[in-house]
Amino acid sequence: MKAQSSGKWPIRIAAGVAVAFGALTIVSGGWVLFGGTAAQEAAGNVVPFVLWFNFLSGFAYVLAGVGIAMKRRWAPLLAVALAAAIGIVFALFGLYVFQGGAFETRTIGAMSLRLVVWSLIAAVAMRHVPVPTKHSAGG
């Protein structure tokens, strides 16, 4: 019985990290977007498309975390899609920087962290939550 219950921990941790990460992303992005001039000045040279992507993706992070916790068959696919989308936005951010766009160095760290975290969450979800196949119904 012990081996079966220990298999729940990776899912619980991944789901908890996803929900917490999503909530923090919503709060921090919302603060910069809707917190007024002082919040925007404190944030520095934000890159608008990165900021909006991160803020909106926070809601998807929470959804993915809840789905992973409930072992919904769509949740691993959402986690993989989020990791891929983060990678794409990070690459676009790199292109923006390469073209001379103003940015904050901490954005590099934040996007790197997002990419690593969501790649790990996606890997755990793909391993521990059954995903839909051509012959299975959604769940």
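In what follows, residues are counted from 1 in the order of the sequence shown.
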K.L.:
For the atom pair CG (Leu33) and CD1 (Ile26), what is the distance rounded to the nearest 0.5 Å?
P.N.:
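Rounded to the nearest 0.5 Å, the CG-CD1 separation comes to 12.0 Å.
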K.L.:
Under 6.0 Å between the ring centres of Phe103 and Tyr96?
P.N.:
no
K.L.:
Treat each ILVMFWY residue as a node, draw an edge where side-chain heavy atoms are under 4.5 Å apart, and state whether Val19 and Val117 are in one component.
P.N.:
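No; Val117 is not reachable from Val19 via cluster members.
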K.L.:
A side-chain contact here means heavy atoms from C-beta on lying under 4.5 Å apart; do Val66 and Arg72 qualify?
P.N.:
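No. Closest side-chain heavy atoms not under 4.5 Å.
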K.L.:
Just how far is it from atom CZ of Phe49 to atom CG of Leu92, taken to the nearest 0.5 Å?
P.N.:
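That separation rounds to 5.5 Å.
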K.L.:
Report the distance from atom CD1 of Ile11 to atom CE of Met70, rounding to the nearest 0.5 Å.
P.N.:
13.0 Å
K.L.:
State yes or no: do Val32 and Leu56 share one hydrophobic cluster built from I, L, V, M, F, W and Y residues joined by side-chain heavy-atom distances below 4.5 Å, directly or via other members?
P.N.:
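Yes, because Val32 and Leu56 connect within a single hydrophobic cluster, where side-chain heavy atoms sit under 4.5 Å apart.
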K.L.:
Does some side-chain heavy atom of Val46 sit less than 4.5 Å from a side-chain heavy atom of Gln40?
P.N.:
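No - every pair of side-chain heavy atoms lies 4.5 Å or more apart.
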K.L.:
Judged by atom type as modelled, is there a donor-acceptor pair below 3.5 Å linking the side chain of Glu104 to the main-chain atoms of Asn45?
P.N.:
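Side chain of Glu104 to backbone of Asn45, a donor-acceptor pair under 3.5 Å: yes, one is there.
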K.L.:
Can you tell me how the ring of Tyr61 sits relative to the ring of Phe21, calling it parallel under 30°, perpendicular over 60° and tilted otherwise?
P.N.:
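Tilted: the ring planes of Tyr61 and Phe21 meet at 30° to 60°.
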K.L.:
Hey, any chance Val116 and Ile88 share a hydrophobic cluster, counting ILVMFWY side chains that come within less than 4.5 Å of each other, even indirectly?
P.N.:
no
K.L.:
Taking all heavy atoms of Trp74 and all of Gly67, pick out the closest pair and write down the distance.
P.N.:
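Heavy atoms of Trp74 and Gly67 come nearest at CH2-CA, 3.6 Å.
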K.L.:
How many angstroms lie between CG in Leu113 and CD1 in Ile86, if you round to the nearest 0.5 Å?
P.N.:
9.5 Å
K.L.:
Measure the spacing between NZ of Lys71 and NZ of Lys8 and express it to the nearest 0.5 Å.
P.N.:
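Between atom NZ of Lys71 and atom NZ of Lys8 there are 7.5 Å.
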K.L.:
Taking Arg106 for the side chain and Ala43 for the main chain, is one N or O donor matched with an acceptor at less than 3.5 Å?
P.N.:
yes
K.L.:
Would you say Leu78 and Leu63 make side-chain contact, with heavy atoms under 4.5 Å?
P.N.:
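Yes, their side chains come closer than 4.5 Å.
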K.L.:
Give me the atom names and distance for the closest heavy-atom approach of Gly58 to Thr25.
P.N.:
CA-CG2, 4.0 Å
K.L.:
Determine whether Val97 and Phe53 fall in the same hydrophobic cluster, where Ile, Leu, Val, Met, Phe, Trp and Tyr are linked whenever their side-chain heavy atoms lie under 4.5 Å apart.
P.N.:
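Result: yes, single cluster for both.
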K.L.:
Check Val89 against Met111 and note the closest heavy-atom contact, atom names and distance.
P.N.:
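Smallest interatomic distance, heavy atoms only, reads CG1-CE, 4.0 Å.
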K.L.:
Looking only at heavy atoms, what is the nearest atom pair of Phe90 and Ile108, with distance?
P.N.:
CZ-O, 3.7 Å
K.L.:
Same hydrophobic cluster for Val27 and Phe59, using side-chain heavy-atom links shorter than 4.5 Å among ILVMFWY?
P.N.:
no
K.L.:
If you take all heavy atoms of Gly30 and Phe55, which pair is closest and at what distance?
P.N.:
N-CD1, 3.4 Å
K.L.:
Is the number of heavy atoms from other residues, nucleotides or ligands under 6.0 Å of Phe34 CZ greater than 12?
P.N.:
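Yes, enclosed.
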K.L.:
List the atom of Ala23, the atom of Val62, and the distance in Å for their closest heavy-atom pair.
P.N.:
N-CG2, 3.9 Å
K.L.:
Between CG of Leu115 and CG of Leu120, what distance do you get to the nearest 0.5 Å?
P.N.:
9.5 Å
